[in-house]
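Shown next, in structure tokens, is the structure this report addresses.
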Protein chains: 2
Amino acid sequence: MEPCCPPLNERPLTAEEAERTAAMFKALGDPVRLRLFSSVASHEGGEACVCDISDVGVSQPTVSHHLKKLKEAGLLSSERRGTWVYYRVEPTVLAAMGALLTKAASA
Amino acid sequence: MEPCCPPLNERPLTAEEAERTAAMFKALGDPVRLRLFSSVASHEGGEACVCDISDVGVSQPTVSHHLKKLKEAGLLSSERRGTWVYYRVEPTVLAAMGALLTKAASA
DNA sequence: TATCTATGTTGACACATGTCGAACCAGGCG
DNA sequence: CGCCTGGTTCGACATGTGTCAACATAGATA
């Protein structure tokens with residue numbers, strides 16, 4: 001899959017590229033979201049039920065709010081199976097972000 | 001150098017780990033900062049004078065403000081040489097962030 | 001010293017965002 | 001149907017953040 005944006009050291013990003021890329025980093029730029037994401041990512045098969053990960057010190061509506069943000073950023077996807085809702089990581093997006101940074105670091 | 005925090009899929013991050021890691025991602029979570037950072041990173045030798053990168057569509061004080069944030073996050077360092085101030089990327093921090101994501105993506 | 005240029009800092013403002021409680025939806029079960 | 005439990009959405013509030021104009025600072029140069 002085409003990466004969203006070029007490595008950070010290839011050339012100065014355009015305004016639009018910066019907008020798209022910043023949105024992804026922004027999603028991981030909150031401690032609560034990072035803990036939620038890490039909980040999902042470290043779960044069996046990169047997938048977890050909300051009920052398994054909601055003990056991060058904030059109310060349940062807040063958890064839901066953050067999960068939604070992560071989903072909008074493309075970092076997570078969700079699926080309802082019966083009573084519970086499962087969240088799953090999107091490895092391709094994660095890999096693209098990692099490459100953006102790693103390439104820029106090894107210049 | 002010891003990485004700040006474990007890969008995102010190794011185990012759920014603690015509150016403190018999440019706080020530290022989120023601060024770095026947050027710094028890159030703004031379009032203007034991302035363009036500034038990309039401008040520095042793509043410059044000759046990963047180093048650039050403020051005067052070379054300040055055409056990102058915001059006022060000069062705002063540029064200074066964002067460069068300060070990037071510096072506080074450990075992503076850039078600055079040095080005054082005569083009249084001009086030069087900003088330089090910190091590759092180790094960049095590499096650590098990249099590894100955090102890349103490892104989590106290849107699980 | 002005075003003065004000019006290149007950056008940084010301050011103060012103020014508008015807007016975005018994290019948080020919660022309350023209300024609401026979706027399934028399962030009696 | 002009624003009721004319970006898991007999750008989301010709504011409405012409101014406090015705090016955080018990006019932005020600019022105005023002011024302050026650091027070097028160079030005269």
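Side chain of S78(B) to main chain of Y87(B): no donor-acceptor pair is present (N/O by atom type, distance under 3.5 Å, no hydrogens or angles).
Not counting sequence neighbours, E16(A) has no partner by the side-chain hydrogen bond (donor to acceptor under 3.5 Å, both in side chains) test. Among residues two or more places apart in sequence or in another chain, the side-chain contact (heavy atoms from CB on, under 4.5 Å) test is passed with A22(B) by P31(A), L34(A). Applying the side-chain hydrogen bond (donor to acceptor under 3.5 Å, both in side chains) rule to T62(B) yields the partners S59(B); only residues at least two apart in sequence or on another chain are considered. Residues that satisfy the side-chain hydrogen bond (donor to acceptor under 3.5 Å, both in side chains) test with S106(A), not counting sequence neighbours, are absent from this structure. Applying the side-chain contact (heavy atoms from CB on, under 4.5 Å) rule to K68(B) yields the partners E72(B); only residues at least two apart in sequence or on another chain are considered. By the side-chain hydrogen bond (donor to acceptor under 3.5 Å, both in side chains) test, R33(B) pairs with H66(B), sequence neighbours left out.
If you check residues 74-85 of chain B against DNA chain C, the residues with a heavy atom closer than 4.0 Å are T83(B), W84(B), V85(B), listed by number. Scanning residues 26-59 of chain B for heavy-atom distances under 4.0 Å to DNA chain C yields C49(B), V50(B), C51(B).
If you check every strand for non-hydrogen atoms under 4.0 Å, H65(B) touches a base. Residue contacts for Y87(A): at a heavy-atom cut-off of 4.0 Å it reaches the sugar-phosphate backbone alone, with no base atom in range. Residue K71(B) is out of contact with every strand shown, counting any heavy-atom pair closer than 4.0 Å.
Rounded to 10 degrees, the angle separating the terminal helix axes of the helix from dT1(C)-dA30(D) to dG30(C)-dC1(D), each built from five base pairs, is 10°.
The shortest non-hydrogen separation linking L13(B) to A18(B) is CD2-CA, 4.0 Å.
Using a 4.5 Å heavy-atom cutoff, the side chains of L75(A) and V89(A) are not in contact. Looking at E90(A) and S77(A), their side chains come closer than 4.5 Å, going by heavy atoms from C-beta outward. Proximity of I53(A) to L67(A): side-chain heavy atoms (C-beta onward) are separated by under 4.5 Å at one or more points.
From the 5' end on, the contacts that DNA chain D makes with chain A at under 4.0 Å to a non-hydrogen atom open and close at dG6(D) to dT9(D). Contacts between chain A and DNA chain C, taken as any atom within less than 4.0 angstrom of a protein heavy atom, begin and end at dT17(C) to dG28(C).
Applying the salt bridge (charged side-chain N to carboxylate O under 4.0 Å, His left out) definition to pairs two or more places apart or across chains, those involving residues 45-67 of chain A are E47(A)-R81(A), E47(A)-R88(A).
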### Message
Applying side-chain contact (heavy atoms from CB on, under 4.5 Å) to C5(A) and R20(A), what does each step give before you reach the verdict?
### Response
CA-CA 8 Å; C5(A) 296; R20(A) 283 199 303 265; 4.1 Å; yes
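Using a 4.0 Å cut-off between charged side-chain N and carboxylate O, E19(A) and R35(B) make no salt bridge.
L76(B) and V85(B) fall within the same hydrophobic cluster, defined by Ile, Leu, Val, Met, Phe, Trp and Tyr side-chain heavy atoms under 4.5 Å apart, directly or through other members.
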